[in-house]
Every structure is written in C-alpha cells, then in structure tokens.
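First comes the structure, then the notes that go with it.
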Amino acid sequence: MKVLIVGGGGREHAIATCVKKSPKVEKLYCVPGNAGIAQIAECAPIGVMEFDKVVAFAKEKEVDLVIVGPDDPLVGGLADEIEKAGIRVFGPKKNAAILEGSKAFSKDLMKKYSIPTAAYETFDDPKEAIRYLEESDTYPVVLKADGLALGKGVLICNTKEEALAGVKEIMEDKKFGSAGNRMVIEEFMTGREVSVLSFVDGKTIKIMSSAQDHKRAKDNNEGLNTGGMGTFSPSPFYTEDVDAFCKKYIYQATVDAMKAEGREFKGIIFFGLMLTEKGPRVLEYNARFGDPEAQVVLPRLKNDIVEVMESCIDGTLDQIDLQFEDKAAVCVVLASDGYPVSYKKGFEIQGLEKFDGKEDYFCFHAGTAFNEQGNIVTNGGRVLGVTAKADTLLEARKKAYEATEWVQFENKYMRHDIGKALEQ
Ligand code: AMP
Ligand code: GLY
C-alpha cells in the first residue's frame with residue numbers, strides 16, 4: 001500500500017513511525033511533514049488546509065490510504081474531499097468532526113443522550129451571556145468559545161468581573177475569531193484529568209491505553225496553557241472502576257449518539273475526562289489523536305495500525321483484538337523558550353543521532369526543519385517529544401529525562417515534573 005499522512009507535528013511523527021512498521025506499507029508520504037518524518041517518509045510542502053493540493057498529491061502518487069492527523073482539516077471537511085476523489089481516508093467526515101469543532105454541539109449531544117458532563121448554557125448573544133452571569137453567583141465558572149481555538153478558547157474565571165471581561169474577549173473582541181460567535185458557559189469541576197483515545201468504526205469502539213497530559217507551560221502547572229508539554233501512559237488514576245463507568249455511560253453512548261444523529265463517526269475519538277468526586281465527566285471530545293498523547297500510546301500498540309485503521313473504514317473493528325504492550329511510556333516535550341507566546345526559530349539541533357538503534361527510546365519531531373545546509377533546526381514552539389518506554393512509569397520517566405540530555409539546541413526549554421505526580 002501507499003499511505004499518505006496529513007500533518008507535520010509530533011503526533012504525525014508518532015503515527016508515521018507506527019505506520020512504517022506495517023508490513024502492508026510499501027511507500028509512505030507525508031504533507032507537510034517535518035525533518036524527523038522526512039527520515040521515514042517522502043514529504044511535500046503542502047499545507048494541511050490546502051485541500052485541493054492534498055487531494056491532487058494523493059491522486060498523483062496513487063495513494064491507497066490517507067490518514068488525517070490534525071483537527072483543523074478534519075473539522076473543515078478534508079476527509080469528505082478525499083473520499084469524493086475515490087481514495088480511502090482514515091478520519092471523521094465534517095459532519096462527525098463537529099464533535100470537536102463545536103463545543104455547543106458536543107454539549108447538546110451529551111445532554112440529549114445523558115452522557116455525564118458539566119452543566120452548561122449556550123449563548124449566541126453576548127448580552128444574554130452577560131445577563132446570565134449577572135444573575136449567577138457560583139464561581140469559578142468556565143467560558144468556552146464554541147469553535148476551534150488552538151486549545152486556547154477556554155477561560156476559567158474566578159470572579160464575576162473576570163467572567164464579564166471573558167465574554168467581551170470571546171464574543172465581542174473576537175479574540176479567537178469566529179470560534180467566538182457562540183459561547184458555552186459551564187460549571188467548574190475539579191479532579192484529575194485523563195485522556196482516553198479510541199478507535200471507532202461508526203458503531204464499534206475500542207479503547208486505547210489511557211494517558212495524562214501536562215498542559216501548562218511551567219512546572220507545578222503554572223504558566224499559560226500549551227498544546228501539551230509532556231505525557232505519560234497508562235494513567236494509574238484510570239482505575240478499573242473508572243474504566244467500567246466510562247464503558248457503561250460514556251464511550252459506546254457517544255458512538256451510538258453520533259450514529260443516531262446521522263453523523264456516523266469513523267476515526268479517533270479522544271475523550272478528555274475529569275475524574276470528579278461524583279465520577280468521571282467528559283470535559284471535551286477531540287476527533288483525532290492527542291499530541292503528545294499519541295507519542296506515549298502508539299509506541300506500545302501491538303497491532304498493525306494500518307489494519308486497525310482499515311477496519312474502522314470498513315466497519316469491521318469488532319473483529320480486531322486491540323492490544324498494548326504491558327509497558328509504560330513517558331514523553332517530555334523539548335520546546336523553544338518563550339513558547340507558547342513568542343520564541344525564536346532556526347537553531348541547529350545536536351545529538352539526534354544518539355537515539356539511533358536504541359530500543360525503547362523515541363525522539364518524535366514536532367517543530368523541526370532542514371536549513372539551507374541540510375542541518376536539522378528548530379522550527380516551532382514544541383520542537384521534540386523525547387519518549388521512553390520501560391516496565392514501570394517511574395523507570396520510563398527516568399529514562400525519558402536522561403534522554404532529554406542527549407539533544408541540545410539554543411533556547412531549549414522543558415518542564416521537569418512530567419509524571420512527577422506518580423512519585424507521590
Ligand atoms: P477543553 O479544551 O474543553 O479540554 O478545556 C481545556 C482545559 O480547561 C481542560 O483540560 C481543563 O483543564 C480545563 N477545563 C475545561 N472545562 C472545565 C470545567 N468544566 N471545569 C474545570 N476545568 C475545565
Ligand atoms: N494534548 C491535548 C490535545 O492534543 O488536544
């Protein structure tokens with residue numbers, strides 16, 4: 001098979017690494033890719049939102065399967081365009097990717113089908129949102145821009161003043177663009193967060209090993225929200241009881257709800273869960289692999305990922321026995337200092353070859369590129385995802401942090417407490 005991966009981050013490098021292992025795959029392409037992906041796939045400089053070019057490239061290369069990594073193209077309908085061109089595609093169509101693309105949609109779905117989540121109201125008019133907040137005295141409260149906002153469209157407001165200012169930012173100043181045309185105001189919940197990824201074929205769902213992200217930029221969960229500074233998997237907080245609850249009330253219920261709405265979901269559903277005192281609640285859905293969750297989950301997948309993805313397309317996922325190695329993994333993101341606000345790019349990266357041939361160590365590239373001399377340089381906020389596998393989480397954590405010392409670049413920045421909660 002010839003396979004094309006759409007995307008160019010750490011998640012796509014993890015997907016590409018997994019796809020490359022499949023005996024079914026004879027040729028791997030990626031658009032736009034990055035300097036790491038370029039070592040295992042043929043990359044072309046096509047943006048993920050350039051749908052016509054992506055489709056033309058897939059046709060020209062006679063690709064048999066396209067895998068779409070990021071949220072933006074999925075929510076924008078890239079899967080539909082690829083399918084229309086007669087090419088098989090892994091990833092939800094536009095009418096199903098709305099599960100991630102609109103918070104108002106996903107909240108209404110959960111309410112309609114009694115899927116446990118925080119209480120909420122939806123607003124199209126800032127005046128009504130303000131009136132609602134004026135009458136409420138329960139704080140903190142959570143404001144969410146309806147649409148995609150690079151993971152930044154969520155504001156946790158501790159006072160009425162903050163909340164009123166938040167409505168202005170989202171709905172009037174349009175800080176997150178048209179994502180703020182609608183807004184959800186939601187009950188604030190507390191508890192530990194867990195990410196659960198799953199394969200879905202429209203009717204059957206198979207859960208992957210759980211993971212935990214670290215979203216804030218600085219140690220001790222301080223600083224701004226980022227795309228994710230590191231992950232570990234599995235999460236020891238995702239107990240058998242939690243799993244049983246989610247299987248009963250959340251996972252299949254979500255797949256069935258989408259089907260009942262005429263929005264059959266095929267691809268990855270990522271459940272962002274909060275383990276509250278009252279039980280697990282859905283914080284959000286994503287319609288794709290998490291980044292950097294994929295970097296700790298996929299290296300432990302025992303199945304041929306291409307076979308699993310094809311079964312999702314064909315509706316035969318029930319015949320797949322999804323299996324993960326009985327190991328743990330930790331990923332520490334090496335970022336450019338200043339991320340997520342402003343940072344410099346173009347610094348040469350040294351030491352990448354130290355990962356060559358080392359079993360259980362992975363250096364997933366995110367923001368990397370080749371400079372004119374052909375050397376690998378930093379090219380983004382999140383640069384590398386240094387990942388290690390081991391028998392225990394603590395051992396994996398130790399190995400991952402050791403490996404962070406193998407690579408050097410100017411302005412290298414990382415959190416030092418990824419997985420620290422495990423030690424307590
Ligand atoms: P989301 O994009 O909906 O996952 O929100 C981003 C982050 O905001 C989550 O990972 C949580 O840390 C936080 N968050 C979202 N909704 C709530 C809520 N209802 N209560 C408390 N924290 C929340
Ligand atoms: N790491 C969180 C996400 O991919 O949305």
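These numbers were taken from a predicted model, which means no experiment stands behind them. Ligands are counted one by one from 1 in listed order, and the atoms in each one are counted from 1 as well.
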Determine all donor-acceptor pairs shorter than 3.5 Å in which one atom belongs to a side chain in residues 297-306; sequence neighbours excluded.
{"from": "Arg300", "atom 1": "NE", "to": "Lys327", "atom 2": "O", "distance (Å)": "2.8"}
{"from": "Arg300", "atom 1": "NH1", "to": "Ser233", "atom 2": "OG", "distance (Å)": "2.6"}
{"from": "Arg300", "atom 1": "NH1", "to": "Val296", "atom 2": "O", "distance (Å)": "3.0"}
{"from": "Arg300", "atom 1": "NH2", "to": "Ser209", "atom 2": "OG", "distance (Å)": "2.7"}
{"from": "Arg300", "atom 1": "NH2", "to": "Lys327", "atom 2": "O", "distance (Å)": "3.4"}
{"from": "Asn303", "atom 1": "OD1", "to": "Gln323", "atom 2": "N", "distance (Å)": "2.7"}
{"from": "Asn303", "atom 1": "ND2", "to": "Asp321", "atom 2": "O", "distance (Å)": "2.9"}
{"from": "Asp304", "atom 1": "OD1", "to": "Ser22", "atom 2": "OG", "distance (Å)": "3.0"}
{"from": "Asp304", "atom 1": "OD1", "to": "Val306", "atom 2": "N", "distance (Å)": "2.9"}
{"from": "Asp304", "atom 1": "OD1", "to": "Glu307", "atom 2": "N", "distance (Å)": "3.4"}
{"from": "Asp304", "atom 1": "OD2", "to": "Ser22", "atom 2": "OG", "distance (Å)": "2.9"}

query = Who are the side-chain contact (heavy atoms from CB on, under 4.5 Å) partners of Phe370, not counting sequence neighbours?
reply = Ala35, Ala38, Ile376

ask   = Should Tyr251 and Phe271 be marked as a ring pair (Phe, Tyr, Trp, His ring centres under 6.0 Å) after you check the CA-CA gap, both sets of side-chain angles, and the distance that decides it?
value = CA-CA 8 Å; Tyr251 302 145; Phe271 298 83; 4.8 Å; yes

ask   = If you draw the axis of the six-membered ring of Phe289, does the NZ or CZ of Arg11 fall within 45° of it and under 6.0 Å from the ring centre?
value = no

task = Go through the structure and list residues passing side-chain contact (heavy atoms from CB on, under 4.5 Å) with Ala217, not counting sequence neighbours.
result = Thr226, Pro340

ask   = Is the closest side-chain donor-acceptor distance between Thr368 and Asn379 under 3.5 Å?
value = no

query = In Å and rounded to the nearest 0.5 Å, what is the OH to CG distance from Tyr339 to Leu334?
reply = 13.0 Å

task = Measure the distance from atom 13 (C) of ligand 1 to every protein heavy atom, then report the residue, atom name and distance (to 0.1 Å) of the closest one.
result = Ile156 CD1, 4.0 Å

query = Met189 to ligand 1: N or O pair under 3.5 Å?
reply = yes

request  = Report the nearest protein non-hydrogen atom to atom 17 (C) of ligand 1: residue, atom name, distance rounded to 0.1 Å.
outcome  = Leu283 CD2, 3.4 Å

task = Considering the heavy atoms of Lys103, write down every atom of ligand 1 situated less than 4.0 Å from one of them.
result = 1 (P), 2 (O), 3 (O)

query = Which of the atoms of ligand 1 are close to Glu186, meaning less than 4.0 Å from one of its heavy atoms?
reply = 16 (N), 17 (C), 18 (C), 19 (N)

query = Which bit of Asn225 is near ligand 1, meaning a heavy atom under 4.0 Å away: side chain, backbone, both or neither?
reply = neither

query = Is it true that Arg281 lies under 4.0 Å from ligand 1, counting heavy atoms only?
reply = no

request  = Verify the ring-centre separation between His214 and Phe232: is it less than 6.0 angstrom?
outcome  = yes

query = Does a side chain donor of either Tyr120 or Asp108 reach within less than 3.5 Å of an acceptor in the other side chain?
reply = yes

task = Determine whether the side chain, the backbone, both or neither of Val142 has a heavy atom under 4.0 Å from any heavy atom of ligand 1.
result = side chain

task = Tell me yes or no: between the side chains of Thr387 and Gln295, is some donor less than 3.5 Å from an acceptor?
result = no

ask   = What's the verdict on side chain to side chain donor-acceptor pair (under 3.5 Å) for Tyr413 and Ser336, showing C-alpha distance, side-chain angles and the deciding distance?
value = CA-CA 6 Å; Tyr413 172 83; Ser336 303; over 6 Å; no

ask   = Of all the non-hydrogen atoms in the protein, which one sits nearest to atom 8 (O) of ligand 1, and at what distance?
value = Val154 CG1, 3.6 Å

ask   = Any idea which of Lys144, Glu187, Glu193 brings a heavy atom closest to atom 12 (O) of ligand 1?
value = Glu193

ask   = Should you measure from each heavy atom of Lys215, which atoms of ligand 1 turn up under 4.0 Å away?
value = 10 (O)

ask   = When rounded to the nearest 0.5 angstrom, what distance separates CD in Gln252 from CD1 in Ile115?
value = 10.5 Å

What are the polar N/O contacts of ligand 2 with the protein below 3.5 Å, with distances?
{"from": "ligand 2", "atom 1": "1 (N)", "to": "Asp213", "atom 2": "OD2", "distance (Å)": "2.8"}
{"from": "ligand 2", "atom 1": "1 (N)", "to": "Gly227", "atom 2": "O", "distance (Å)": "3.2"}
{"from": "ligand 2", "atom 1": "1 (N)", "to": "Asp291", "atom 2": "O", "distance (Å)": "3.0"}
{"from": "ligand 2", "atom 1": "1 (N)", "to": "Glu293", "atom 2": "OE1", "distance (Å)": "2.8"}
{"from": "ligand 2", "atom 1": "1 (N)", "to": "Glu293", "atom 2": "OE2", "distance (Å)": "3.4"}
{"from": "ligand 2", "atom 1": "4 (O)", "to": "Arg288", "atom 2": "NH1", "distance (Å)": "3.0"}
{"from": "ligand 2", "atom 1": "4 (O)", "to": "Asp291", "atom 2": "N", "distance (Å)": "2.9"}
{"from": "ligand 2", "atom 1": "5 (O)", "to": "Arg288", "atom 2": "NH1", "distance (Å)": "3.4"}
{"from": "ligand 2", "atom 1": "5 (O)", "to": "Arg288", "atom 2": "NH2", "distance (Å)": "2.9"}

task = Find all atoms of ligand 1 within a distance of less than 4.0 Å from any non-hydrogen atom belonging to Phe188, and give their numbers and elements.
result = 20 (N), 21 (C)

